[in-house]
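One structure below.
Keep in mind the model is a prediction, meaning the values are calculated, not measured. Read the numbers this way: they start at 1 and go in the same order the structure lists the ligands and their atoms.
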Amino acid sequence: MPRDPRYDILFEPVRIGPVTALNRFYQTPHATGFGWQRPQSGAALRGVKAEGGWGVVCTEYCSIHPSSDDSPYAFLTLWDDGDIAPLALTAEAIHAHGSLAGIELWHGGAHASNRMTRVPGIAPVVQPALYHLPATARAMDASDIKAFRVWQRDAAMRAKRAGFDIVYVYAGHDYLPFQFLSRRTNHRIDAYGGSLENRVRLLREMIEDTKEAVGDTCAVAVRLAVDELHGPEGITSEGEGREVIEMLAELPDLWDVNVAGALGNDSRSARFSAEGFQEENVAFVKSLTTKPVVSVGRFTSPDRMVSQIKRRVQDFIGAARPSIADPFLPAKIREGREDEIRECIGCNICRAANNEGVGLRCTQNPTMGEEWRRGWHPERIAVYPKREKALVIGGGPAGLEAALTLGRRGLEVSLAEASDQFGGRLLREATLPGLQTWTRVRDWRLHMIGKLPNVELFPASRMTAADVAEFGADRVVLATGSHWRRDGVGVYSVRPGEFPLALTPDDVFAGAKIAGPVVIYDDEHYFMAGALAERLAAKGHEVHYVTTAAVASSWSVMTNEQDFLQARLIETGVVIHALKSLKSNSDGVAALSCVYTGRDEALPCGTLILATGRLPDSALSDDIAGAGIAATRIGDCLTPSSIADAVYSAHRFARLLGEPDLPPRRELPPERTP
Ligand code: ADP
Ligand code: SF4
């Protein structure tokens, strides 16, 4: 298909200082969980982005000195010349497709843990380590500042030697140059503290130093948080954020601006932000500089992208998550296939990967992070050598992904779903507050299946073992899902109990009557209990949220949603009872117990809802096994887990069909010789 001319503007080249981007698609820096330890994995991932048409592809944060060590999280390093060759792999992989390679030089200041290097931390002032560490960063004196400027300059020169085209000065996300900028963290009384001009001094010097070091051939980008969302005491887009841009307007070659402070603000999940949510805070930047501006906002709609450019909000379409969910997003627009864009759902499972210290993963894109270790490509897959008939049962995320991937491989696929609608758990979960975008997991797969003549859909078709036998498929794939358990077994309570009066989330979705004070018991710790509490409180119920963890929906710390979520529950009037387990429920009372002391507590309870764990829906699997039919279980009916895991399980099965199921390749860190 030819490209829609409305989108031509997105494919205009844009000059950034001494280099030119071939289009306006700009993959802003984002973590991969690979870091300095796994350069080939990182290079393969970035290479696929460039192949998918992103005009600029940037790395994740790259430390300029051992005093900035984010271990155990994965980050890159340019500490000595030994780091050049491993990083050159990434620059080469990006250049192979004509894109520009950007590198985000980084110093965390009081934010760096230095757990690995054990070098004392540094900061503008003596500062307890930001974020959960029993450590203190020391105040930088004049000689430290001098040394720091040399580290940035040296790292920039190494970045240039590694082949990068855009070198960052990184003043965002609470990191060192930002700690100097914000009066919240800079209480110095010398030339680097006090007035804004003084607080900006280090950033100005870093830009000048970096330009002097590499500016002849490399563009120098500044990543700046123009609003740290701490109100007037911090950097704000109406106040000092604006003034910083005014003061430095023409100094860098590109402004990469966002709403930050903590990382979670910038990459808010869909539950707490809409597409383009940063616009109101960053839109002013373009009016103050002639240099190109880029920002992010989970952009997946080409029309909205065009609008960003035409309304002069930014010159590029910055994207991290949309490029993870669909590395080929630009290519699809370029080729008139924008209907095929696999839109990010804003679930932040990708953020969780880095926070958990593992390689990048994505709910929508099961190949993300698998480019090197399994050789998976988002757009290419081997044709299955035999002409086989596959029957997939269950049309939730796993069944849809299996049907699509088997179909792409050329099998004759039939997908049978009991309900008259496809989507499985998505049909229920996407009705929870802020989770509507999750239906994109279904919509994209149904749309792509619609293009495959060899995949047939059978809604309203509950299958029995007899039906399966009669159908006579070569491959039977079971994706029948899971249900919430009634026995209270969860993360903390491992022994089954009896709660005959309790409801499960399935009952609530099915319309069970809710009466009296509602007690929601969370012993699962992801989104379900918290989201149900929010929904019921918004409907006017008195809601008590009880969790065995210390905070609400505690695993959502990994998706950078926890603080937003707890605030939302408090604001909606939900009463939070932390660190309590559920013992019993009778006569209008839920009996709780402190997880530390065992001390009892009673809560009035009209309705008890248990969100503790799920069990596989294995009845059909048992019947089929009884009938002697071979079948493969995938997704929640094998192991109930996240939607990301269900999709991955299905994709893995379908991609490996007929292939040996080998362990993934493991990359060893290359030896660094300075
Ligand atoms: P997953 O996340 O693993 O895809 P879901 O619970 O979302 O699991 O989806 C499972 C789907 O399987 C549901 O839509 C359910 O209606 C369907 N299903 C369960 N049993 C049968 C069956 N016997 N025949 C057809 N569909 C079934
Ligand atoms: Fe988007 Fe979720 Fe994928 Fe992250 S994991 S890119 S938020 S779909």
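Considering both main-chain and side-chain atoms, A398 comes within under 3.5 Å of ligand 1 through a nitrogen or oxygen pair. Considering both main-chain and side-chain atoms, G635 never comes within under 3.5 Å of ligand 1 through any nitrogen or oxygen pair. Checking only distances, I634 never comes within under 3.5 Å of ligand 1, N or O to N or O. At under 3.5 Å, a nitrogen or oxygen of R425, whether backbone or side chain, sits near a nitrogen or oxygen of ligand 1. Annotation: A646 places no N or O atom under 3.5 Å from an N or O atom of ligand 1; distance criterion only.
A salt bridge does not link R655 with D661: every distance from a Lys NZ or Arg NE/NH1/NH2 to an Asp or Glu carboxylate oxygen is 4.0 Å or more. Between K389 and E456, none of the side-chain N atoms (NZ, or NE/NH1/NH2) sits under 4.0 Å from a carboxylate O, so this pair counts as no salt bridge. Salt bridge status for K332 with E340: absent, with no side-chain N to carboxylate O gap under 4.0 Å.
For the pairing with V491, the side-chain contact (heavy atoms from CB on, under 4.5 Å) check across T612, D522, D523 returns one residue only, D523. Paired with R445 under the rule side-chain contact (heavy atoms from CB on, under 4.5 Å), one option of T405, V647, L415 passes, and it is V647. For the side-chain contact (heavy atoms from CB on, under 4.5 Å) criterion with R46, the lone passing option out of E51, E60, H97 is E60.
Against a heavy-atom cut-off of under 4.0 Å, I345 is close to the following atoms of ligand 2: 1 (Fe), 8 (S). Numbered from 1 in the order shown, with element, the atoms of ligand 1 that lie under 4.0 Å from a heavy atom of G394 read 11 (C), 12 (O), 17 (C), 26 (N). Listed by number with element, the atoms of ligand 2 under 4.0 Å from a non-hydrogen atom of T363 are 3 (Fe), 5 (S). Applying the 4.0 Å criterion to heavy atoms of A416 picks out, from ligand 1, the atoms 25 (C), 26 (N). Atoms of ligand 1 found under 4.0 Å from any heavy atom of S461, numbered from 1 in the order shown, are 24 (N), 25 (C). Near G481, with a cut-off below 4.0 Å to any heavy atom, the atoms of ligand 1 are 5 (P), 6 (O), 8 (O), 10 (C). Every atom of ligand 2 with a heavy atom of G346 under 4.0 Å away is listed here by number and element: 1 (Fe), 7 (S). Listed by number with element, the atoms of ligand 1 under 4.0 Å from a non-hydrogen atom of G424 are 7 (O), 9 (O), 13 (C), 14 (O). Atoms of ligand 1 found under 4.0 Å from any heavy atom of L620 (numbered from 1 in listed order, with element): 23 (N).
The shortest contact between atom 27 (C) of ligand 1 and any protein heavy atom is with A418 CB, 3.8 Å. If you check which protein heavy atom lies closest to atom 6 (S) of ligand 2, you get R321 O, 3.3 Å. Here the protein heavy atom with the shortest distance to atom 1 (P) of ligand 1 is D636 OD2, 3.5 Å. The nearest protein atom to atom 1 (Fe) of ligand 2, hydrogens excluded, is given as C344 SG, 2.4 Å; this is a heavy-atom distance. For atom 2 (Fe) of ligand 2, the closest non-hydrogen atom of the protein is C347 SG, 2.4 Å. Residue, atom and distance of the protein heavy atom nearest to atom 4 (Fe) of ligand 2 are C350 SG, 2.3 Å. What sits closest to atom 13 (C) of ligand 1 on the protein, heavy atoms only, is E417 OE1, 3.5 Å.
The distance from atom 1 (Fe) of ligand 2 to the nearest N/O/S atom of C362 is not under 2.8 Å.
For atom 22 (C) of ligand 1, the choice among L426, I393, I643, V392 with the nearest heavy atom turns out to be I393.
A cation-pi geometry, defined here as NZ or CZ lying under 6.0 Å from the six-membered ring centre and within 45° of its normal, does not hold between K49 and F25.
Residues F527 and W438 bring their aromatic ring centres within 6.0 Å.
Looking at T480 against ligand 1, both its backbone and its side chain come within 4.0 Å, counting heavy atoms. At a heavy-atom cutoff of 4.0 Å, ligand 1 is contacted by the backbone of A479 but not by its side chain.
By the 6.0 Å contact criterion, CZ on R361 is open, its count of non-hydrogen atoms from other residues, nucleotides or ligands being 12 or less.
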